Amino acid sequence: YAFYQFKNIPVDWARGSYKTVNPEVSYRTNTKLILHEDFEVGTNFETQNNSASLLSISDTNKYEGSASGAVTMDTAKKTMDILITKPLILPLGRPYFLEMNYKSDCIFEVALITKTNTKTTVEELGTINPRSNWNKIYFNVETRINSLQGISYQLNIRSVLPSGKQ
């Protein structure tokens, strides 16, 4: 990935031997995190469109750090529609990636909302299948941002509780 720096670790390999290698990976020094949502001091997301789901901060089911965001849906709260609260202003001509850690027992969609002077466009980035363990996913959004040429962008995550789930 363009934003990662991998450290070279020399290893002397001998035929028939096994060695444990612990790779070291970090962000490149020129990588800028425009939005880093770790849910440790609140959240940059809010529910939208009369979404009945509850967006909360959880310290019991966290991925890294001391907290993670959690959405609860049930038969009384069947939809999730959350949006980043502050629109992002992104200069054109730069590489942009969305990195997301998640686990979910429902399918959900991730979309990019682009606002121009004349219209608002919602473009789906992907549909994410359920995962019982934490997973990391990347979306390369550079082409979308440069072609849509918005004045601002927002991330939207939405889902509907499947029938039969509670």
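Everything numeric in this text was worked out from a predicted model, so none of it was measured.
Grouping the Ile, Leu, Val, Met, Phe, Trp and Tyr side chains by contacts below 4.5 angstrom, directly or via other members, places Ile107 apart from Trp134. Linking ILVMFWY side-chain heavy atoms closer than 4.5 Å, directly or via other members, places Val160 and Val110 in two distinct hydrophobic clusters. The cluster map of Ile, Leu, Val, Met, Phe, Trp and Tyr, joined by side-chain heavy atoms under 4.5 Å apart, puts Val71 and Leu83 in different clusters. Neither Val122 nor Met100 shares a network with the other; the hydrophobic side chains, linked directly or stepwise wherever heavy atoms of I, L, V, M, F, W or Y lie under 4.5 Å apart, form separate groups for each.
Around the NZ atom of Lys7, the shell of radius 6.0 Å holds no more than 12 heavy atoms that belong to other residues, nucleotides or ligands.
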Gln149/Thr116 under side chain to side chain contact (heavy atoms under 4.5 Å, CB included): CA gap, chis, key distance, verdict: CA-CA 7 Å; Gln149 298 189 7; Thr116 67; over 6 Å; no
Stepwise side chain to side chain contact (heavy atoms under 4.5 Å, CB included) test for Thr114 and Glu123: CA-CA 8 Å; Thr114 303; Glu123 186 171 344; 6.0 Å; no
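Residues Tyr4 and Tyr27 bring their aromatic ring centres within 6.0 Å. No close placement of the Tyr96 and Tyr153 rings is indicated, their centers lying 6.0 Å or farther apart.
With hydrogens and angles ignored, the 3.5 Å screen pairs a side-chain donor or acceptor of Asn146 with a backbone N or O of Gly93. Put simply, the side chain of Asn140 gets close to the backbone of Glu142: a donor and an acceptor are under 3.5 Å apart. Panel note: side chain Asp81, backbone Ser159; no donor-acceptor pair is recorded below 3.5 Å.
Rounded to the nearest 0.5 angstrom, Leu125 CG and Glu109 CD are separated by 10.5 Å. In this structure, the separation between CD1 on Ile113 and CG on Leu148 is 12.5 Å, given to the nearest 0.5 Å. Residue Leu112 holds its CG atom at 6.0 Å from CD1 of Ile145, rounded to the nearest 0.5 Å. Note that CZ of Arg131 and NZ of Lys103 are 11.5 Å apart. Values are rounded to the nearest 0.5 Å. Within the model, atoms CD1 of Ile89 and CD1 of Ile151 stand 7.0 Å from one another, a figure rounded to the nearest 0.5 Å. The distance from atom CE of Met73 to atom OG of Ser104, rounded to the nearest 0.5 Å, is 6.5 Å.
Two residues are said to be in side-chain contact when any heavy atoms from C-beta on lie closer than 4.5 Å; Ser152 and Leu88 fail this criterion. Side-chain contact check for Thr79 versus Arg158: every heavy-atom pair is 4.5 Å or farther apart.
Among residue pairs with one or both ends in residues 10-22, none qualify as side chain to side chain donor-acceptor pair (under 3.5 Å); sequence neighbours excluded.
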